[in-house]
Engineer: 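Sharing a structure below in structure tokens format, with a few things to ask.
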Amino acid sequence: MQIVDLRQIHPRALEPLFQEEAHHWLQELHWDYRPSLDLIRKFIESRSLAGYAALEGREAAGYGFYVLEDHKGLIGGLFVSPRFSQAGITQQLLGEMLVTLKSTPRIERVEAQLMPFGAALDPALLLADFKLHTRQFMLLPLAEARLTSVPVSRGLHIERWCDHSFESCARLIQLAYADHVDGEINDQYRSEAGAMKFLRNIIILPGCGQFRPEASFIVRPASEEQPIGMVLTSVVADGVGHTTQVCVMPGYQGHGLGRHLMEASIHSLRSMRYRSLSLTVTSANANAVLLYEDLGFHTIKKFAAGVWHA
């Protein structure tokens with residue numbers, strides 16, 4: 001087994017891996033991962049994507065990549081074909097990336113949210129001194145959604161997403177996750193500037209599917225401009241939506257606003273003849289898990305969100 005820098009390899013050598021990876025995303029998660037793979041190909045071809053590939057002879061067995069962002073590293077992808085020894089190769093690739101990241105000046109943390117296909121990734125992350133948080137990938141067949149259709153409280157107004165909401169929703173994210181486990185997993189939630197980057201990634205860039213403003217909503221008091229809750233939705237495959245963000249301002253939580261927002265998104269997707277809706281949630285966020293289960297979501301995969309601190 002040979003580990004080589006991604007910048008020394010042509011994307012054609014990884015094509016069988018890309019095909020396998022796309023198959024797993026679609027079959028297991030109902031997610032068309034091909035647009036993301038197209039971007040990965042382009043960055044590898046231009047020799048601008050940092051990472052490593054594992055070669056068995058002339059055949060690619062796996063690859064992983066990472067990006068640098070200010071004070072942190074983000075492991076953006078790691079896939080090893082089930083046709084090879086997944087556990088060992090995963091540990092090698094992850095180890096190479098971490099050695100490089102840990103030796104990079106000013107790197108204070110490394111984040112990783114990697115979807116396992118085959119061998120579990122948790123042991124390799126634990127060996128690398130990551131703190132792990134279990135997350136759930138949940139799916140709702142929209143025809144089976146259990147909706148209450150109760151009107152939102154008087155004095156509150158639900159409206160569709162519009163782009164002038166960027167700054168106010170960035171503040172909402174910062175406040176909603178101030179003392180939340182997801183703020184430990186993703187430090188973009190901890191500041192307004194970081195939350196703005198997060199919003200741009202899922203709304204403007206193809207960071208998590210193609211954004212659908214028709215199924216994205218904010219809720220605010222009728223007399224105020226500042227939103228107190230929001231739900232953002234993307235399309236990740238033909239007829240499949242994905243909730244990329246749902247949050248409610250502290251002080252307004254526990255009053256059913258999260259459910260109102262989710263139901264508004266579900267109604268909109270149904271009207272557009274979508275078949276299903278997926279989302280991810282941290283298992284420690286018990287109230288959110290209960291809400292999604294009550295709506296009819298069920299967990300189809302569990303994975304680890306890992307954080308390494310310098």
Engineer: To check you understand the geometry: which heavy-atom pair defines the closest contact between P141 and H298, and what is its length?
Structural biologist: CD-CE1, 3.9 Å

Engineer: So for atom CD, which belongs to E214, do other residues, nucleotides or ligands contribute more than 12 heavy atoms lying within a distance under 6.0 Å?
Structural biologist: yes

Engineer: Do you know the tightest heavy-atom contact between W308 and A310?
Structural biologist: CH2-CA, 3.6 Å

Engineer: With a 6.0 Å cut-off (strictly less than), is the heavy-atom count around CD of E192, excluding the residue itself, greater than 12?
Structural biologist: yes

Engineer: Side-chain donor-acceptor pair under 3.5 Å between Q136 and T280, yes or no?
Structural biologist: no

Engineer: What are the two closest non-hydrogen atoms of T233 and S216, and how far apart are they?
Structural biologist: N-OG, 2.9 Å

Engineer: When you measure from the side chain of S265 to the backbone of L261, do you find a donor-acceptor pair of N or O atoms at a distance under 3.5 Å?
Structural biologist: no

Engineer: Taking the six-membered ring for Trp, are W25 and F79 ring centroids under 6.0 Å apart?
Structural biologist: no

Engineer: Distance only, no hydrogens: is a donor on one side chain within 3.5 Å (strictly under) of an acceptor on the other, for R135 and Q113?
Structural biologist: yes

Engineer: Specify the closest pair of heavy atoms between M115 and F137, including all atoms of both residues, with the distance to one decimal.
Structural biologist: CE-CD1, 4.0 Å

Engineer: According to the interplanar angle, ranging from 0 to 90°, do the rings of Y63 and F65 count as parallel (below 30°), tilted (30 to 60°) or perpendicular (above 60°)?
Structural biologist: parallel

Engineer: Would you find more than 12 non-hydrogen atoms of other residues, nucleotides or ligands less than 6.0 Å from F166 atom CZ?
Structural biologist: yes

Engineer: Can we say D294 and R259 salt-bridge, meaning some charged N sits less than 4.0 Å from an Asp/Glu carboxylate O?
Structural biologist: yes

Engineer: Could you check whether Q226 and S168, counting side-chain N and O atoms only, form a donor-acceptor pair closer than 3.5 Å?
Structural biologist: no

Engineer: For H242 and S234, test the side chains for any donor-to-acceptor distance below 3.5 angstrom and give the result as yes or no.
Structural biologist: no

Engineer: With a cut-off of 6.0 Å (strictly less than), are more than 12 heavy atoms of other residues, nucleotides or ligands near NZ of K131?
Structural biologist: no

Engineer: What closest approach, in Å, do A22 and Y33 show between heavy atoms, and which atom pair accounts for it?
Structural biologist: CA-CB, 4.5 Å

Engineer: State which residues pass salt bridge (Lys or Arg N to Asp or Glu O under 4.0 Å) with R146; sequence neighbours excluded, sorted by chain then number.
Structural biologist: none

Engineer: Show the numbers, then the answer: is there a ring-ring contact (aromatic ring centres under 6.0 Å, His included) between Y189 and F198?
Structural biologist: CA-CA 8 Å; Y189 291 162; F198 169 80; 5.2 Å; yes

Engineer: Taking all heavy atoms of R109 and all of I185, pick out the closest pair and write down the distance.
Structural biologist: NH2-O, 3.6 Å

Engineer: Regarding E59 and R83, does a basic nitrogen lie under 4.0 Å from an acidic carboxylate oxygen?
Structural biologist: yes

Engineer: For the residue pair Q92 and E96, confirm or rule out a side-chain donor-acceptor distance under 3.5 Å.
Structural biologist: no

Engineer: Please say which of V281, L140, L139 ends up in a side-chain contact (heavy atoms from CB on, under 4.5 Å) with F297.
Structural biologist: L140

Engineer: Should D187 and R190 count as an ion pair when the cut-off is N to O under 4.0 Å?
Structural biologist: no

Engineer: Do you see a donor-acceptor pair shorter than 3.5 Å between the side chains of Y52 and T100?
Structural biologist: yes

Engineer: Does CZ belonging to R12 count more than 12 external heavy atoms closer than 6.0 Å?
Structural biologist: no

